[in-house]
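We use all heavy atoms of the structure for the numbers below, so side chains are in, but hydrogens, waters and symmetry mates are not. Note that the structure is a prediction, hence the values are computed from the model and not measured. Numbered from 1 within each chain, the chains take letters A, B, ... in sequence-line order.
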Protein chains: 2
Amino acid sequence: MSHTNHHVPTIVIGRLPLYLRALTQLAVEGRRVTSSQELSEKLGFSSAQIRKDLSYFGEFGKQGTGYEIEFLENALREILQVDRVWNMALVGAGDLGHALANYDGFELRGFRITAIFDSAPAKIGAMLGNWRVLPMDTLRETVRAQKIYLAIIAVPAAAAQAVADELVQGGVRAILNYAPTTLSVPPQIKVFHIDPVAGLQSMTYYL
Amino acid sequence: MSHTNHHVPTIVIGRLPLYLRALTQLAVEGRRVTSSQELSEKLGFSSAQIRKDLSYFGEFGKQGTGYEIEFLENALREILQVDRVWNMALVGAGDLGHALANYDGFELRGFRITAIFDSAPAKIGAMLGNWRVLPMDTLRETVRAQKIYLAIIAVPAAAAQAVADELVQGGVRAILNYAPTTLSVPPQIKVFHIDPVAGLQSMTYYL
DNA sequence: CCATGTGAATACATTCACAGCA
DNA sequence: TGCTGTGAATGTATTCACATGG
């Protein structure tokens with residue numbers, strides 16, 4: 001039975017990449033089969049939750065046996081649409097931008113930076129990895145021309161909203177936001193926010 | 001009435017830093033008073049949720065008026081224990097480690113890196129910001145001697161678990177983990193995980 | 001009036017527990 | 001037997017809606 005037309009809670013979607021990550025790790029270790037129990041121990045979710053999450057999308061396991069790792073990996077890649085490589089724009093060529101541009105963990109998991117922008121004259125024209133840093137005022141046209149639908153914002157908080165507006169104008173549909181500020185975007189645009197300090201602050205509460 | 005002895009859901013704790021961030025932003029803009037309605041629009045949570053979250057800790061607002069920004073800011077800083085500055089160890093002096101060591105957004109929000117470690121002989125002894133990169137085998141003693149309770153892991157996934165084990169041995173009680181792997185730590189140790197690729201993958205699902 | 005603080009109602013998420021099948 | 005997939009039961013979180021008091 002196909003389940004793919006039911007509405008899937010966003011919280012479930014948020015866990016799928018973690019399942020995928022764990023499966024890839026197991027595959028690299030040469031494993032062929034796993035179980036909801038094993039994934040549970042590796043990830044810290046209950047085995048029932050893992051089974052239920054997967055059941056939104058189909059029946060991937062074999063009773064009495066478990067899940068064939070490579071098969072489930074491929075299924076999750078397809079569900080998450082990372083059975084391809086997405087081009088991304090990176091905005092901000094500071095320290096963080098450098099780290100992101102040099103990060104080799106994107107490619108294997110479905111992503112690739114193919115355009116880098118900054119507003120500082122000193123940085124424009126410099127090479128960052130394989131790419132030349134482009135001026136901000138070419139952003140909108142470039143992402144539109146290159147059909148880039150994903151972008152990373154790695155600029156100071158004060159500049160982030162203007163960058164987001166430009167990205168949206170250029171046709172970008174999802175933004176990974178490293179600036180410590182909430183972005184205001186149209187409802188169809190996805191934003192995933194990374195704020196390490198917020199993470200730290202939610203931990204110091206418990207210390 | 002004091003509410004601080006009730007159990008507060010972790011999901012609520014996770015939102016407090018975002019409230020604090022928004023309040024600080026308003027304060028910088030020179031604002032003195034705000035409302036759950038205004039914060040709702042800035043942050044994208046419902047106003048009822050914001051009021052309910054805050055009500056776990058006390059009564060901070062004035063009926064008919066709203067919240068005095070500086071007062072609520074200070075209250076949240078105290079609740080989150082960021083009315084002080086926490087020293088942190090940074091493990092990993094690669095590109096990401098550099099970006100973190102140079103990031104000026106920690107200090108104002110309650111954090112400061114005061115010790116940096118790496119295992120690569122080529123990096124040990126080099127200066128990173130104000131600090132000399134120390135060898136991994138001094139980690140445990142150093143964090144213990146300096147009473148460091150927070151650490152950032154910025155090493156490759158394959159090395160992360162061993163680093164976490166050392167940190168825990170040294171007395172670290174909360175870890176900000178940038179390595180794309182789940183860490184196994186004793187239950188009293190807090191871990192906040194940052195995986196940008198997982199964030200991207202949960203967005204491509206919707207594209 | 002206006003906006004908070006909060007019980008009650010609703011909506012959502014997780015876990016239980018077991019039928020079903022390799 | 002062993003482990004999945006899943007309704008039913010439980011547990012959490014969010015929203016509603018209004019009494020309260022500046």
statement: Residue pair B:G66/A:T10 against DNA chain C: nearer the 5' end by closest nucleotide is B:G66
message: Taking the nucleotide of DNA chain C with the nearest heavy atom to each, does A:I11 or A:A48 sit closer to the 5' end?
response: A:I11
Could you tell me the separation between the [atom1] atom of [X] and the [atom2] atom of [N], rounded to a whole number of Å?
| X | N | atom1 | atom2 | result |
| --- | --- | --- | --- | --- |
| A:F45 | C:dT15 | CZ | C1' | 15 Å |
| B:F60 | D:dG22 | CZ | P | 18 Å |
| B:D53 | C:dT6 | CG | C1' | 13 Å |
| A:F57 | D:dT6 | CZ | P | 13 Å |
| A:I69 | D:dT4 | CD1 | P | 12 Å |
| B:I50 | D:dC16 | CD1 | C1' | 16 Å |
| A:R51 | C:dG20 | CZ | C1' | 13 Å |
| A:Y19 | D:dT4 | OH | C1' | 15 Å |

As a test of reading the structure: which of [options] is closest to the side chain of [X], going by heavy atoms?
| X | options | result |
| --- | --- | --- |
| A:Q49 | C:dT15, D:dT14, D:dG21 | C:dT15 |
| B:K52 | D:dT15, C:dC21, D:dG5 | D:dT15 |
| A:P9 | C:dA13, C:dT4, D:dT4 | C:dA13 |
| B:S35 | C:dA17, D:dT15, C:dA3 | C:dA3 |
| A:Q63 | C:dA17, C:dG20, D:dA13 | C:dG20 |

Side-chain heavy-atom pair A:V185, A:V191 within 4.5 angstrom cut-off: yes
message: For a 4.5 angstrom cut-off between non-hydrogen side-chain atoms, does B:F111 reach B:V82?
response: yes
query: Rounded to the nearest 0.5 Å, what separation is found between the CD1 atom of A:I194 and the OH atom of A:Y178?
result: 3.5 Å
query: So how far is it from A:L76 CG to A:L54 CG, rounded to the nearest 0.5 Å?
result: 6.5 Å
At less than 4.0 Å, is any side-chain N or O atom of [X] found next to OP1 or OP2 of [N]? Yes or no.
| X | N | value |
| --- | --- | --- |
| B:T65 | C:dA3 | no |
| B:S46 | D:dT15 | yes |
| A:R15 | C:dT14 | yes |
| B:Y67 | C:dC2 | no |

message: For A:D53 and A:Y19: C-alpha separation, side-chain torsions, deciding distance, then whether side-chain hydrogen bond (donor to acceptor under 3.5 Å, both in side chains) applies.
response: CA-CA 10 Å; A:D53 283 356; A:Y19 300 159; 2.5 Å; yes
- prompt: At under 4.0 Å between heavy atoms, what does B:L54 touch on the DNA or RNA strands: base, sugar-phosphate, or nothing?
  reply: nothing
query: Checking all strands, does A:S47 fall into the base, sugar-phosphate, or nothing category for heavy-atom contacts under 4.0 angstrom?
result: nothing
message: Between the side chains of B:E38 and B:K42, is the shortest nitrogen-to-carboxylate-oxygen separation below 4.0 Å, so that they form an ion pair?
response: no
